[in-house]
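Here the structure comes first, spelled out in structure tokens, and everything after it is commentary.
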Amino acid sequence: MIILPAIDLLDQKVVRLYQGDYDQQQIFGDDPVAFAQEFQAKGATHLHLVDLNGAKEGSKVHFDLVRRIVSATDLFVELGGGIRSEQDIVDVLDAGVQRVILGTIAQKDPVFTKEMLKKYGDKIAVGVDARDGLVAVSGWLETTQTKADDFCQQLGEWGCSTIIFTDIAKDGTGKGIDVALYRKLNALGLNIVASGGVASLDDLRQLAEAETYGAIVGKALYSGTLTLEDCLQVAREASR
């Protein structure tokens, strides 16, 4: 299982939101590049980046900052937030990001999403954010009537290989993960990256036992509940 430490960018700062609420933010620092370099120094190979301004506004607000993070590390960087066009995808990939996460656009424009998946393959992941089992979009500000697990299955049929699945009710709460949910998603045969709620090493062990492809760890690292070194050790043990 791959461990992806998360850096959420808001107004050029490293922040965490509570359940995706922009009004409930906690600022952890104003040098995202240094955070990325520290994660690499501690053994990380991957980094999950989110442009929160971009997700809300529908544009690449932190593009220059993302490019600096990529050039300052050797991490496999995936980026989500505000990517709404093929030109956005091209720009981000040209900047050195290795996987682009489509979110809102995947739900709202299936034709575009199918075309991008066909053209760019595994350089595209789709972020599926779920609130009470339904897909949420536009920086989690809008909840659709689409069932999240049905949408994941549909994405697989479209050619999507990697899904970043966020359980909004758990995100930033420290309350742990819903392992039954991930067992169900993993049965689809896709690379599911669990996001939201990882609060303990036991959460990671359960995800690994459920054969989850990856796990994003955010607030638990920033609050000191978990260390990145311990998370990586659990992942190594699970792969033996």
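Start at 1 with the first residue, then count along the sequence. Side-chain atoms are counted along with the backbone in the values below, which use heavy atoms only and exclude waters and symmetry mates. These figures come from a predicted structure and were not determined experimentally.
For residues 208-217, no pair satisfies salt bridge (Lys or Arg N to Asp or Glu O under 4.0 Å), with sequence neighbours left out. Sorted by first and then second residue, the salt bridge (Lys or Arg N to Asp or Glu O under 4.0 Å) pairs with a member in residues 26-44 read Glu38-Lys42; sequence neighbours excluded.
Side chains of Gln233 and Glu237: a donor-acceptor N/O pair is present below 3.5 angstrom, by distance only. Using modelled atom types and a 3.5 Å distance limit, the side chains of Asp202 and Gln206 yield a donor-acceptor pair. There is no side-chain donor-acceptor pair under 3.5 Å between Gln154 and Asp150. A side-chain donor-acceptor contact under 3.5 Å links Asn186 and Thr212.
By the rule that hydrophobic residues join a cluster once side-chain heavy atoms approach within less than 4.5 Å of another member, Leu204 and Tyr222 end up as members of one cluster. Residues Ile192 and Val198 share a single hydrophobic cluster, defined by chaining ILVMFWY side chains whose heavy atoms lie under 4.5 Å apart. Hydrophobic clustering of Ile, Leu, Val, Met, Phe, Trp and Tyr side chains at less than 4.5 Å, counting indirect connections, unites Leu226 with Leu232. Residue Val92 is grouped with residue Leu75 when hydrophobic side chains (ILVMFWY) are merged at heavy-atom distances under 4.5 angstrom, including chains of intermediate members. Under the 4.5 Å side-chain heavy-atom criterion for ILVMFWY residues, no single connected hydrophobic cluster contains both Ile168 and Ile164.
Between Ala106 and Val126, the shortest heavy-atom contact is CB-CG1, 3.6 Å. Across all their heavy atoms, Ala148 and Val135 have their closest contact at CA-CG2, 3.8 Å. Residue Ala6 comes nearest to Arg16 through the heavy atom pair CB-NH1, 4.0 Å, listed as atom of the first residue, atom of the second, then distance. Contact record, Leu201 with Cys231: CD2-N, 4.0 Å, taken as the closest heavy-atom pair. Between Ile101 and Gly127, the shortest heavy-atom contact is CG2-N, 3.4 Å. The two atoms that bring Leu221 and Phe39 nearest to each other are CD1-CE2, 4.0 Å, heavy atoms only.
When His46, Arg99, Gln98 are each tested for a side-chain hydrogen bond (donor to acceptor under 3.5 Å, both in side chains) with Glu78, only one passes: Arg99.
At least one donor-acceptor pair under 3.5 Å links the side chain of Asn53 to the backbone N or O of Asp11. For Tyr182 (side chain) and Phe165 (main-chain N/O), a donor-acceptor pair under 3.5 Å exists by modelled atom type.
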Next on the checklist: Pair Leu65, Val33 - check side chain to side chain contact (heavy atoms under 4.5 Å, CB included), show working.
Outcome noted: CA-CA 8 Å; Leu65 179 54; Val33 176; 4.1 Å; yes
Checklist entry - Please walk me through it: do Ile3 and Leu228 pass side chain to side chain contact (heavy atoms under 4.5 Å, CB included)? => result CA-CA 9 Å; Ile3 301 296; Leu228 182 56; 4.1 Å; yes
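Once rounded to the nearest 0.5 Å, the distance linking OG of Ser161 with CG of Leu117 reads 8.0 Å. Distance CD/Glu86 to CD/Glu115: 6.5 Å, rounded to 0.5 Å. To the nearest 0.5 Å, the span separating CD1 on Ile7 from CD1 on Ile216 amounts to 12.5 Å. The distance from atom CD1 of Ile163 to atom CG of Leu190, rounded to the nearest 0.5 Å, is 5.0 Å. With values rounded to the nearest 0.5 angstrom, Leu134 atom CG is found 7.0 Å from Thr143 atom OG1. Summarising the geometry, atom NZ belonging to Lys184 is positioned 4.0 Å from atom CG belonging to Asp149; distances are rounded to the nearest 0.5 Å.
Proximity of Asp109 to Arg84: side-chain heavy atoms (C-beta onward) are nowhere separated by under 4.5 Å. Using a 4.5 Å heavy-atom threshold, the side chains of Leu49 and Val97 count as separate. Residues Arg68 and Asp64 fail the side-chain proximity criterion, which asks for heavy atoms closer than 4.5 Å. Looking at Leu47 and Thr73, their side chains never come closer than 4.5 Å, going by heavy atoms from C-beta outward. The shortest side-chain heavy-atom distance between Val66 and Asp51 does not fall under the 4.5 Å cut-off. In this structure, Leu188 and Leu155 have side chains that are not in contact, with every pair of non-hydrogen atoms separated by 4.5 Å or more. Taking the side chain as every heavy atom from C-beta outward, Ile105 and Ile83 never approach each other to under 4.5 Å. Counting heavy atoms from C-beta outward, Phe76 and Ile2 have side chains that stay 4.5 Å or more apart.
No more than 12 heavy atoms of other residues, nucleotides or ligands shown are found within 6.0 angstrom of CG on Asp132.
Ring planes of Phe151 and Trp158: perpendicular class, angle over 60° (limits at 30 and 60°).
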